[in-house]
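A, B, ... follow the sequence lines: proteins, then strands. Residue 1 opens every chain.
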Amino acid sequence: MPELPEVEVVRVGLEEHLVGRVVSSVEVLHPRAIRRHVPGEADFVGRLVGSKITAVRRRGKYLWWELADGTAVLAHLGMSGQMLIQPQNEADEKHLRVRIEFADGGPELRFVDQRTFGGLSLWDLVEVDGTVLPSAVSHIARDPMDPLFDIAAVARALRARRTEAKRALLDQTLVSGVGNIYADEALWRVGLHWARPADRLTVAQARDVLTAATEVMAEALRVGGTSFDALYVNVNGESGYFSRSLDAYGREGEPCRRCGSAIVREAFMNRSSFHCPRCQPKPRSRRR
DNA sequence: AGGGCAACCTGGGGGC
DNA sequence: TGCCCCCAGGTTGCCC
(Lines give C-alpha, C1' and ligand atoms only; values in the text may rest on other atoms or scores of the structure.)
Protein backbone atom coordinates (compact mmCIF):
# COMPACT_ATOMS: atom_id res chain seq x y z
CA MET A 1 0.00 0.00 0.00
CA PRO A 2 2.35 2.48 -1.22
CA GLU A 3 1.82 6.13 -0.79
CA LEU A 4 1.78 8.22 2.37
CA PRO A 5 -1.97 8.04 3.19
CA GLU A 6 -2.09 4.26 2.82
CA VAL A 7 1.06 3.82 4.93
CA GLU A 8 -0.30 6.19 7.59
CA VAL A 9 -3.51 4.14 7.77
CA VAL A 10 -1.33 1.12 8.53
CA ARG A 11 0.78 3.04 11.05
CA VAL A 12 -2.29 4.09 13.03
CA GLY A 13 -3.51 0.50 13.09
CA LEU A 14 -0.16 -0.83 14.22
CA GLU A 15 0.13 1.83 16.90
CA GLU A 16 -3.22 0.78 18.30
CA HIS A 17 -2.38 -2.93 18.30
CA LEU A 18 1.37 -3.14 18.97
CA VAL A 19 2.55 -0.50 21.45
CA GLY A 20 3.46 -2.04 24.79
CA ARG A 21 3.49 -5.62 23.54
CA VAL A 22 6.45 -7.99 23.81
CA VAL A 23 7.46 -10.17 20.86
CA SER A 24 7.53 -13.87 21.66
CA SER A 25 8.30 -15.38 18.27
CA VAL A 26 9.18 -14.42 14.71
CA GLU A 27 8.65 -16.75 11.79
CA VAL A 28 10.16 -15.80 8.43
CA LEU A 29 8.44 -17.64 5.58
CA HIS A 30 10.22 -15.94 2.66
CA PRO A 31 13.89 -14.90 2.67
CA ARG A 32 13.28 -11.69 0.71
CA ALA A 33 11.01 -10.39 3.46
CA ILE A 34 14.02 -9.58 5.63
CA ARG A 35 16.05 -7.13 3.62
CA ARG A 36 19.16 -5.10 4.01
CA HIS A 37 19.82 -6.72 7.38
CA VAL A 38 23.49 -7.53 6.98
CA PRO A 39 23.89 -9.85 10.01
CA GLY A 40 21.20 -12.05 8.49
CA GLU A 41 17.77 -13.41 9.15
CA ALA A 42 18.67 -15.43 12.26
CA ASP A 43 20.17 -12.34 13.88
CA PHE A 44 17.04 -10.36 13.03
CA VAL A 45 14.81 -12.94 14.68
CA GLY A 46 17.07 -13.32 17.69
CA ARG A 47 17.18 -9.60 18.38
CA LEU A 48 13.45 -9.18 17.97
CA VAL A 49 12.29 -11.98 20.25
CA GLY A 50 11.80 -10.68 23.79
CA SER A 51 11.78 -7.03 22.71
CA LYS A 52 9.04 -4.58 23.68
CA ILE A 53 7.47 -2.24 21.13
CA THR A 54 7.43 1.32 22.47
CA ALA A 55 6.19 3.41 19.50
CA VAL A 56 5.17 3.17 15.84
CA ARG A 57 6.35 5.95 13.53
CA ARG A 58 6.44 6.89 9.87
CA ARG A 59 8.30 9.11 7.44
CA GLY A 60 7.04 9.21 3.87
CA LYS A 61 6.29 5.64 2.85
CA TYR A 62 8.53 4.07 5.49
CA LEU A 63 7.18 2.98 8.83
CA TRP A 64 8.92 1.51 11.83
CA TRP A 65 8.41 0.50 15.39
CA GLU A 66 10.85 1.47 18.09
CA LEU A 67 12.21 -1.05 20.55
CA ALA A 68 13.22 -0.31 24.11
CA ASP A 69 16.91 -0.93 23.32
CA GLY A 70 17.27 2.04 20.92
CA THR A 71 16.83 0.07 17.70
CA ALA A 72 13.87 -0.01 15.33
CA VAL A 73 12.20 -2.49 13.03
CA LEU A 74 11.81 -0.71 9.70
CA ALA A 75 9.13 -1.74 7.25
CA HIS A 76 8.48 -0.77 3.67
CA LEU A 77 5.37 -2.10 1.96
CA GLY A 78 6.84 -1.90 -1.54
CA MET A 79 4.12 -2.33 -4.15
CA SER A 80 1.96 -4.92 -2.45
CA GLY A 81 2.86 -5.25 1.22
CA GLN A 82 0.21 -5.54 3.92
CA MET A 83 0.43 -5.52 7.71
CA LEU A 84 -2.44 -7.52 9.13
CA ILE A 85 -3.48 -8.06 12.75
CA GLN A 86 -4.97 -11.53 12.77
CA PRO A 87 -6.27 -14.04 15.34
CA GLN A 88 -3.79 -16.88 15.79
CA ASN A 89 -6.24 -19.45 14.47
CA GLU A 90 -6.85 -17.58 11.20
CA ALA A 91 -5.64 -19.53 8.13
CA ASP A 92 -2.34 -18.32 6.61
CA GLU A 93 -2.63 -15.92 3.69
CA LYS A 94 -1.22 -17.16 0.39
CA HIS A 95 1.58 -14.58 0.43
CA LEU A 96 2.30 -14.59 4.15
CA ARG A 97 6.00 -13.67 4.51
CA VAL A 98 6.54 -12.99 8.24
CA ARG A 99 4.52 -13.90 11.32
CA ILE A 100 5.18 -12.16 14.63
CA GLU A 101 3.58 -13.48 17.80
CA PHE A 102 3.35 -11.80 21.19
CA ALA A 103 3.89 -12.86 24.78
CA ASP A 104 0.34 -11.87 25.74
CA GLY A 105 -1.06 -14.55 23.43
CA GLY A 106 -3.24 -11.99 21.64
CA PRO A 107 -3.66 -11.38 17.90
CA GLU A 108 -0.51 -11.80 15.81
CA LEU A 109 1.06 -9.48 13.26
CA ARG A 110 1.40 -10.77 9.71
CA PHE A 111 3.44 -9.25 6.91
CA VAL A 112 1.83 -10.33 3.65
CA ASP A 113 3.41 -9.32 0.35
CA GLN A 114 2.56 -10.69 -3.07
CA ARG A 115 5.35 -9.12 -5.10
CA THR A 116 8.05 -9.21 -2.40
CA PHE A 117 9.26 -5.66 -3.09
CA GLY A 118 8.59 -4.83 0.53
CA GLY A 119 10.32 -6.09 3.64
CA LEU A 120 11.47 -5.66 7.22
CA SER A 121 14.89 -4.75 8.59
CA LEU A 122 16.45 -3.73 11.90
CA TRP A 123 18.44 -0.53 12.42
CA ASP A 124 19.91 1.69 15.09
CA LEU A 125 18.01 4.87 15.81
CA VAL A 126 20.00 7.99 14.94
CA GLU A 127 19.26 11.70 15.21
CA VAL A 128 19.10 13.53 11.88
CA ASP A 129 18.36 17.26 11.83
CA GLY A 130 16.65 17.03 15.20
CA THR A 131 14.53 13.99 14.46
CA VAL A 132 15.16 10.40 15.57
CA LEU A 133 15.08 7.93 12.65
CA PRO A 134 16.24 4.43 11.78
CA SER A 135 19.64 4.96 10.18
CA ALA A 136 18.46 3.52 6.85
CA VAL A 137 15.90 6.33 6.54
CA SER A 138 18.30 9.21 7.09
CA HIS A 139 18.31 10.07 3.37
CA ILE A 140 14.51 10.34 3.16
CA ALA A 141 13.19 13.90 3.21
CA ARG A 142 10.48 15.04 5.59
CA ASP A 143 6.97 14.43 4.29
CA PRO A 144 4.23 17.10 4.15
CA MET A 145 2.55 15.76 7.31
CA ASP A 146 5.74 16.32 9.32
CA PRO A 147 5.34 19.30 11.69
CA LEU A 148 8.83 20.42 10.68
CA PHE A 149 8.11 20.22 6.93
CA ASP A 150 9.42 23.50 5.50
CA ILE A 151 7.39 24.19 2.39
CA ALA A 152 9.36 27.30 1.43
CA ALA A 153 12.64 25.39 1.57
CA VAL A 154 11.23 22.44 -0.38
CA ALA A 155 9.73 24.76 -3.00
CA ARG A 156 13.17 26.34 -3.40
CA ALA A 157 14.81 22.92 -3.76
CA LEU A 158 12.14 21.83 -6.24
CA ARG A 159 12.89 24.84 -8.45
CA ALA A 160 16.58 23.98 -8.39
CA ARG A 161 15.99 20.56 -9.96
CA ARG A 162 16.85 20.22 -13.63
CA THR A 163 14.20 17.61 -14.34
CA GLU A 164 10.44 17.33 -14.91
CA ALA A 165 8.06 18.45 -12.18
CA LYS A 166 6.60 14.98 -11.64
CA ARG A 167 9.96 13.28 -11.44
CA ALA A 168 10.97 15.77 -8.76
CA LEU A 169 7.75 15.19 -6.80
CA LEU A 170 8.47 11.46 -6.81
CA ASP A 171 12.02 11.97 -5.53
CA GLN A 172 11.85 10.85 -1.90
CA THR A 173 14.99 12.80 -1.05
CA LEU A 174 13.23 16.06 -1.97
CA VAL A 175 9.81 15.43 -0.40
CA SER A 176 8.71 12.03 0.79
CA GLY A 177 5.40 10.19 0.72
CA VAL A 178 4.27 11.25 -2.77
CA GLY A 179 3.87 8.42 -5.28
CA ASN A 180 2.42 8.01 -8.75
CA ILE A 181 -1.23 8.58 -7.79
CA TYR A 182 -0.87 11.65 -5.61
CA ALA A 183 1.72 13.24 -7.89
CA ASP A 184 -0.77 13.09 -10.77
CA GLU A 185 -3.56 14.39 -8.54
CA ALA A 186 -1.48 17.29 -7.25
CA LEU A 187 -0.41 18.29 -10.78
CA TRP A 188 -4.03 18.12 -11.97
CA ARG A 189 -5.20 20.34 -9.13
CA VAL A 190 -2.76 23.10 -10.01
CA GLY A 191 -2.97 22.68 -13.78
CA LEU A 192 0.62 21.67 -14.44
CA HIS A 193 1.77 19.09 -16.98
CA TRP A 194 3.98 16.33 -15.56
CA ALA A 195 6.80 17.23 -17.94
CA ARG A 196 6.99 20.88 -16.93
CA PRO A 197 10.65 21.57 -16.10
CA ALA A 198 10.91 22.01 -12.35
CA ASP A 199 13.34 24.88 -12.74
CA ARG A 200 10.80 26.82 -14.80
CA LEU A 201 8.10 26.79 -12.14
CA THR A 202 7.38 30.11 -10.52
CA VAL A 203 7.81 30.34 -6.76
CA ALA A 204 4.02 30.33 -6.44
CA GLN A 205 3.61 27.28 -8.68
CA ALA A 206 6.21 25.33 -6.74
CA ARG A 207 4.52 26.17 -3.47
CA ASP A 208 1.06 25.48 -4.87
CA VAL A 209 1.86 22.02 -6.20
CA LEU A 210 3.37 21.04 -2.84
CA THR A 211 0.30 22.40 -1.08
CA ALA A 212 -1.93 20.45 -3.46
CA ALA A 213 0.01 17.25 -2.76
CA THR A 214 -0.37 17.87 0.97
CA GLU A 215 -4.09 18.48 0.68
CA VAL A 216 -4.91 15.55 -1.58
CA MET A 217 -3.00 13.17 0.69
CA ALA A 218 -4.78 14.58 3.76
CA GLU A 219 -8.15 14.09 2.07
CA ALA A 220 -7.25 10.53 1.11
CA LEU A 221 -6.12 9.77 4.65
CA ARG A 222 -9.47 10.93 6.02
CA VAL A 223 -11.28 8.22 4.04
CA GLY A 224 -8.80 5.43 4.63
CA GLY A 225 -6.57 5.87 1.57
CA THR A 226 -6.90 4.72 -2.05
CA SER A 227 -7.83 1.10 -2.78
CA PHE A 228 -8.55 -0.28 -6.22
CA ASP A 229 -8.55 -3.87 -5.00
CA ALA A 230 -7.96 -6.05 -1.95
CA LEU A 231 -4.20 -5.50 -2.17
CA TYR A 232 -4.41 -2.16 -0.36
CA VAL A 233 -6.02 -2.57 3.02
CA ASN A 234 -5.62 -1.51 6.63
CA VAL A 235 -4.52 -3.80 9.47
CA ASN A 236 -8.06 -5.20 9.61
CA GLY A 237 -8.14 -5.97 5.89
CA GLU A 238 -10.48 -3.07 5.04
CA SER A 239 -10.18 -0.90 1.91
CA GLY A 240 -10.15 2.92 1.77
CA TYR A 241 -12.53 4.99 -0.30
CA PHE A 242 -10.43 7.67 -1.99
CA SER A 243 -10.35 5.98 -5.40
CA ARG A 244 -13.81 7.44 -6.10
CA SER A 245 -12.42 10.94 -5.49
CA LEU A 246 -9.49 10.74 -7.92
CA ASP A 247 -9.55 13.41 -10.63
CA ALA A 248 -6.74 12.24 -12.92
CA TYR A 249 -5.11 8.94 -11.95
CA GLY A 250 -6.62 5.94 -13.73
CA ARG A 251 -9.21 8.08 -15.58
CA GLU A 252 -7.95 7.68 -19.17
CA GLY A 253 -10.70 8.68 -21.62
CA GLU A 254 -13.02 9.93 -18.89
CA PRO A 255 -14.04 13.59 -18.79
CA CYS A 256 -11.93 16.03 -16.79
CA ARG A 257 -14.04 17.13 -13.84
CA ARG A 258 -12.99 20.74 -14.50
CA CYS A 259 -13.28 21.18 -18.26
CA GLY A 260 -14.75 17.96 -19.67
CA SER A 261 -11.79 17.08 -21.91
CA ALA A 262 -10.86 13.41 -22.03
CA ILE A 263 -8.07 12.53 -19.59
CA VAL A 264 -4.94 11.33 -21.37
CA ARG A 265 -2.62 8.55 -20.29
CA GLU A 266 1.07 8.70 -21.21
CA ALA A 267 4.04 6.47 -20.49
CA PHE A 268 6.52 8.09 -18.15
CA MET A 269 9.35 6.58 -16.10
CA ASN A 270 8.21 3.07 -17.07
CA ARG A 271 4.79 3.74 -15.60
CA SER A 272 1.68 5.74 -16.42
CA SER A 273 0.91 9.41 -16.06
CA PHE A 274 -2.59 10.83 -16.36
CA HIS A 275 -3.39 14.45 -17.13
CA CYS A 276 -5.99 16.72 -18.69
CA PRO A 277 -4.74 17.97 -22.07
CA ARG A 278 -6.56 21.28 -21.69
CA CYS A 279 -6.04 22.09 -18.00
CA GLN A 280 -2.48 20.78 -18.01
CA PRO A 281 -1.02 21.78 -21.37
CA LYS A 282 2.23 20.23 -22.49
CA PRO A 283 5.13 22.60 -21.95
CA ARG A 284 6.89 24.10 -24.93
CA SER A 285 10.29 22.55 -25.47
CA ARG A 286 13.02 24.06 -23.39
CA ARG A 287 15.02 26.85 -25.03
CA ARG A 288 18.69 27.20 -24.31
C1' DA B 1 26.70 15.38 -8.24
C1' DG B 2 22.75 14.34 -10.10
C1' DG B 3 19.80 12.33 -13.56
C1' DG B 4 17.96 8.20 -15.90
C1' DC B 5 17.11 3.48 -16.44
C1' DA B 6 16.97 -1.66 -15.67
C1' DA B 7 16.15 -4.96 -12.21
C1' DC B 8 13.77 -6.92 -8.46
C1' DC B 9 8.69 -10.07 -8.23
C1' DT B 10 3.69 -12.11 -8.67
C1' DG B 11 -0.76 -12.07 -10.55
C1' DG B 12 -4.80 -10.12 -13.00
C1' DG B 13 -6.83 -8.78 -17.29
C1' DG B 14 -7.30 -8.30 -22.27
C1' DG B 15 -6.44 -9.91 -26.97
C1' DC B 16 -6.05 -13.68 -30.03
C1' DT C 1 -9.21 -22.68 -22.36
C1' DG C 2 -4.74 -21.22 -22.87
C1' DC C 3 -0.92 -18.43 -23.96
C1' DC C 4 1.33 -14.12 -24.24
C1' DC C 5 1.89 -9.56 -23.50
C1' DC C 6 0.94 -5.56 -20.74
C1' DC C 7 -0.07 -3.52 -16.52
C1' DA C 8 0.34 -2.43 -11.30
C1' DG C 9 0.13 2.96 -5.17
C1' DG C 10 8.22 1.48 -5.19
C1' DT C 11 13.19 1.55 -4.37
C1' DT C 12 17.87 0.41 -5.25
C1' DG C 13 22.08 0.15 -7.75
C1' DC C 14 24.77 1.15 -11.50
C1' DC C 15 25.63 3.63 -15.56
C1' DC C 16 26.60 8.15 -17.76
(Q) Taking the six-membered ring of A:W188 as reference, does the cationic atom of A:R258 (NZ for Lys, CZ for Arg) lie under 6.0 Å from its centre and within 45° of its axis? (A)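 Cation-pi check for A:R258 and A:W188: passes.
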Q. With a 4.5 Å limit on heavy-atom distance, are the side chains of A:D129 and A:R142 in contact?
A. yes
Q.
Looking at every heavy atom in both A:G253 and A:A262, which two are closest together, and how far apart are they?
A. O-CB, 4.0 Å
**Q.** Closest approach of A:V26 to A:L48 (non-hydrogen atoms, all atoms of both residues)
**A.**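 That closest heavy-atom pairing would be CG2-CD2, 3.8 Å.
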Electrostatic pair [X]-[Y], nearest N-O below 4.0 angstrom:
X: A:E108; Y: A:R110; value: yes
X: A:R251; Y: A:D247; value: no
X: A:R161; Y: A:D171; value: yes
X: A:E15; Y: A:R11; value: yes

Write down the distance between [atom1] ([X]) and [atom2] ([N]), rounded to a whole number of angstrom.
X: A:R265; N: C:dC7; atom1: CZ; atom2: C1'; value: 8 Å
X: A:R59; N: C:dT11; atom1: CZ; atom2: C1'; value: 17 Å
X: A:E3; N: C:dA8; atom1: CD; atom2: P; value: 13 Å
X: A:H139; N: C:dG13; atom1: NE2; atom2: C1'; value: 12 Å
X: A:E93; N: B:dG11; atom1: CD; atom2: P; value: 14 Å
X: A:K61; N: C:dT11; atom1: NZ; atom2: C1'; value: 9 Å
X: A:L77; N: C:dG9; atom1: CG; atom2: P; value: 15 Å
X: A:F268; N: B:dC5; atom1: CZ; atom2: C1'; value: 12 Å

Q: May I ask you to evaluate whether A:T163 reaches the phosphate of B:dG4, defined as a side-chain N or O under 4.0 Å from OP1 or OP2?
A: yes
(Q) Measuring to OP1 and OP2 of C:dT12, would you say a side-chain N or O of A:R36 lies under 4.0 angstrom away? (A) yes
Q. For atom P, what is the distance between B:dC9 and C:dC3, given to the nearest Å?
A. 24 Å
Q) What integer number of Å spans the C1' atoms of B:dG12 and C:dT11? A)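 Straight-line distance between the two C1' atoms is 23 Å.
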Q) Contacts to DNA chain C from residues 170-182 of chain A, heavy-atom cutoff under 4.0 Å, which residues? A) A:Q172, A:G179, A:N180, A:I181
(Q) Quick one about A:S121 and A:R36 (side-chain donor to acceptor, distance below 3.5 Å, no hydrogens or angles considered), yes or no? (A) no
Q.
Going by the glycosidic torsion and a 90 degree boundary from 0, is the base of B:dG12 oriented syn or anti?
A.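 Anti, since the glycosidic angle lies more than 90° from 0.
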Q: List the steps, then state whether side chain to side chain contact (heavy atoms under 4.5 Å, CB included) holds for A:K166 with A:D184.
A: CA-CA 8 Å; A:K166 182 171 176 181; A:D184 278 2; 2.7 Å; yes
Q. Under 30°, 30 to 60°, or over 60°: which ring-plane class applies to A:H275 and A:H193, parallel, tilted or perpendicular?
A.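 If you compare the ring of A:H275 with that of A:H193, the planes turn out perpendicular.
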(Q) So that I can compare with my own list, what are the stems of DNA chain B, taken as at least three consecutive Watson-Crick or G-U pairs with distances under 3.5 Å? (A) B:2-8 with C:10-16, B:10-16 with C:2-8
Q.
Out of the candidates A:F274, A:F268, A:Y249, only one should pair with A:W194 under the ring pair (Phe, Tyr, Trp, His ring centres under 6.0 Å) rule; please name it.
A.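 Among the candidates, only A:F268 passes.
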Write down the protein N/O and nucleotide N/O pairs, taken from nucleotides 7-10 of chain B, whose separation is under 3.5 Å; answer none if there are no such pairs.
{"from": "B:dC8", "atom 1": "O3'", "to": "A:R32", "atom 2": "NH1", "distance (Å)": "3.4"}
{"from": "B:dC9", "atom 1": "O2", "to": "A:R115", "atom 2": "NE", "distance (Å)": "2.9"}
{"from": "B:dC9", "atom 1": "N3", "to": "A:R115", "atom 2": "NH2", "distance (Å)": "3.3"}
{"from": "B:dT10", "atom 1": "O4'", "to": "A:Q114", "atom 2": "O", "distance (Å)": "3.4"}
{"from": "B:dT10", "atom 1": "O2", "to": "A:Q114", "atom 2": "OE1", "distance (Å)": "3.0"}

Q: Return the 5'-most residue of the pair A:A136, A:S272 with respect to DNA chain C, ranking by each residue's nearest nucleotide.
A: A:S272
